[in-house]
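Everything on this sheet refers to the single structure shown next.
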There are 4 protein chains.
Amino acid sequence: MTERGEATRQLLLDSATAVFSELGYAGATTKEIAKAAGVSEGTIYRHFADKRELFAAVFTERNAANFDAVIRLPELAGTKSVRENLLFLIEAIKDVERDVAPMRAAASTDADLAAALTSGSSMGPLTPLALYLEAEQRLGRIRPGVDVASAAVALFAVPFTAVTLDRLARAMGSSGEIDMAGAIDVVLGGILPQDEPAT
Amino acid sequence: MTERGEATRQLLLDSATAVFSELGYAGATTKEIAKAAGVSEGTIYRHFADKRELFAAVFTERNAANFDAVIRLPELAGTKSVRENLLFLIEAIKDVERDVAPMRAAASTDADLAAALTSGSSMGPLTPLALYLEAEQRLGRIRPGVDVASAAVALFAVPFTAVTLDRLARAMGSSGEIDMAGAIDVVLGGILPQDEPAT
Amino acid sequence: MTERGEATRQLLLDSATAVFSELGYAGATTKEIAKAAGVSEGTIYRHFADKRELFAAVFTERNAANFDAVIRLPELAGTKSVRENLLFLIEAIKDVERDVAPMRAAASTDADLAAALTSGSSMGPLTPLALYLEAEQRLGRIRPGVDVASAAVALFAVPFTAVTLDRLARAMGSSGEIDMAGAIDVVLGGILPQDEPAT
Amino acid sequence: MTERGEATRQLLLDSATAVFSELGYAGATTKEIAKAAGVSEGTIYRHFADKRELFAAVFTERNAANFDAVIRLPELAGTKSVRENLLFLIEAIKDVERDVAPMRAAASTDADLAAALTSGSSMGPLTPLALYLEAEQRLGRIRPGVDVASAAVALFAVPFTAVTLDRLARAMGSSGEIDMAGAIDVVLGGILPQDEPAT
DNA sequence: GATGAATGAGTATTCATTCAT
DNA sequence: TATGAATGAATACTCATTCAT
């Protein structure tokens, strides 16, 4: 692949991320994607075998970004406060989820599409999140007896849900922003040591 | 509308629910929906102006079902245990979400589609859930100081996330069932009175 | 199938025969076929699963016509003269071949296309032709010792070749009509009784 | 043209012959031809103005080969036996026809394609074949009164038809080899002196 | 009310051809 | 000379929608 080719490929990946995120898989036409990248439709097919492969590449790349947001988290155990760390993280997840959510939605209703995806990539953030919580638990900054895997689910569920409902509300023209921090604090109330109030 | 017409309309609504849930909006063709209902394609247009209106009718009906699952919840305040009530509820939400999730996904990536939806209908379960928690809080079965609106979000997020991730995992061929009860217990740990252990 | 539908199907079959014959399989676009039939492109797909199925239907129908031209031939044994019978037949074959030849050509260079064809249908005329010659041989109007199967090939080869070369010559703008009767007479010289001159 | 360029040109010609013969004109993509020649697609256009010109070059070259097979035939008049000479020739024609037939088929259904061909080149073998028969007729090895032009057609038609039907049978998965020698002997029965039996 | 035939705009994909390197 | 990236017109096929019966 020449340098120019590589650049075009990345351009397509970026444009496709935007278009898929905004319009979903079915709504994102190759015409639109090409236009967004400023290339011809044919060029897509020089870099990806078909639309599904392009989608898979974008989806994997975005999920990796989601994963990146949490992967270094375990190292933070013991620094700052647990609440600070988690709020920062939840915010990062939210950013990536905004791109990924509609793509995941598309993938989950299309068996062929799902087949093109790297297995397991979807639950990316859960494992590192659980690892972090476990480390903090060892340091006594998470209440003993808390099941860290379940706590990770409860924490991840908040930005995940917030983004999805927010998208819908936005599409419907209503406002209805969800108070993520509040929900996180509720969960924190269940996992932080009882003598250390969440807020 | 004759009786026969009404029957056909309901038949279409039921078939469409199944097809939309399984294939999403774009994947659900009118041909498929008509076939599932055992009527001709043309018949759809005698009952609904277009595909979007059919979708909106189905979506609203399903969301109402989701709402029904929680609407009587406030009355349960004080009966059984809070945990029992919530687990029962979360299970009910999960059942309905399985149908609604892919439709919501579709709606959230199609502005025209979203416009056809009754505003506000999507967050159906959140309000009654908060009302219930508030009632329990007054009864002393929920820790004072807990923000019930935020708690409702944290609780609702669990089945919501579980269903969505489960769909994707299933479509991708992986297993990965999410432990909903565990996550709920973590949240409960933050809202039940501290002397009453969650499990 | 309603009456109207049946009529449309036949209309498509007729138009497709003309377009396939003139332009070959690849050259015959669905757009062109639809236009020739005076229907929309989509209508083609109400009657045939895809272009290949339409082609197969046309090809089979035309080959059947070719077969019809010879199937009653054996009954003619003993009537008129052998030469008259064969010249009439060869002319009939030529007429049908003009339609079939380019379609056969297309089929022979496309494995998928060929697969859609009814096996064996292509050599249709050879068998009845051989049967006729055998009957005449029994009547003493064909020289004994002549291999009727081989004679059928030699006779069929003439209109077959004439049509194909003629098409090419025409396409190239040259004239070059082939003298079919002359060639047939040469073959007849080898199969008629020696005391009965061909011409 | 440099030596390297000339070599590339011939390489392309050879590869194109194979690909056109196997897939026909429409089925033979420039990508495939380039790949078969081990060069890039762009290189084709350094040697040929467009695909049609490449096709014309190949077609002419192959037809010339067909012509070569017969051109020296008249010199053989009087040597060996007429039957031996003709059977050898027919076999040679068959070999070349296998390549040419699908290309001729393509040419005959595409007016633009045909226009790119050297006029008259298609009937190559007929003239020398007639010349040979005429020479033999003068030597008394062909029955007087036989129209040599017509005899040439009858003889050429056999391998021509055999190859074409064979291709189709092969594509359709059936066997059905045609007995060329038998058919030739039938024709010979009509042109050899009557006292000299064909076989 | 219901049918199913017909529509035509729209979609992903292919492919001969061009051009900068 | 050769490359391979880019093009854009063309193609088979789909699908929501209309309408005569």
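Computed from a prediction, not measured in an experiment: that's the story for all the values here. Every chain is numbered from 1 and lettered A, B, ... according to where its sequence line falls, protein lines coming before strand lines.
Residue-to-nucleotide proximity on DNA chain E shows that, of B:Gly42 and D:Gly42, the 5′-proximal contact is made by B:Gly42. Comparing C:Thr2 and A:Ala49, the nucleotide of DNA chain E nearest to each residue sits closer to the 5' end for C:Thr2.
Between D:Glu61 and D:Gln10 the shortest side-chain heavy-atom distance falls below 4.5 Å.
One finds a side-chain N or O of C:His47 lying less than 4.0 angstrom from the OP1 or OP2 phosphate oxygen of E:dA6. Contact between the side-chain N/O atoms of D:Arg46 and the OP1/OP2 oxygens of F:dT1 is not found at any separation under 4.0 Å.
Checking F:dT7, E:dT3, E:dA12 against the side-chain heavy atoms of B:Thr43 singles out E:dT3 as nearest. Candidate nucleotides F:dA6, E:dA6, E:dT17 were compared by shortest atom distance to the side chain of D:Lys51, and E:dT17 ranks first. Out of E:dA12, F:dT7, F:dT3, the shortest distance to the side chain of D:Ser40 is found at F:dT3.
Side-chain atoms of A:Ser108 come within 3.5 Å of backbone atoms of A:Ala105 as a donor-acceptor pair (strictly under, hydrogens ignored). Of the possible donor and acceptor atoms, none in the side chain of B:Thr60 sits under 3.5 Å from a partner among the backbone N and O of B:Ala57.
Within the model, atoms CG of D:Leu168 and CG of C:Leu113 stand 10.0 Å from one another, a figure rounded to the nearest 0.5 Å.
Ring orientation note: the planes of B:Phe20 and B:Tyr25 are close to parallel, at an angle under 30° on the 30°/60° scale.
Near DNA chain E, meaning a heavy atom under 4.0 Å away, the residues from residues 3-31 of chain C are C:Arg4, C:Thr8.
Pairing for F:dA5 is with E:dT18, a Watson-Crick or G-U wobble pair whose two hydrogen-bonding atom distances lie under 3.5 Å.
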- Kindly indicate, with the supporting measurements, whether the criterion side-chain contact (heavy atoms from CB on, under 4.5 Å) is fulfilled by D:Leu54 and D:Ile33. CA-CA 10 Å; D:Leu54 171 57; D:Ile33 293 169; 4.2 Å; yes

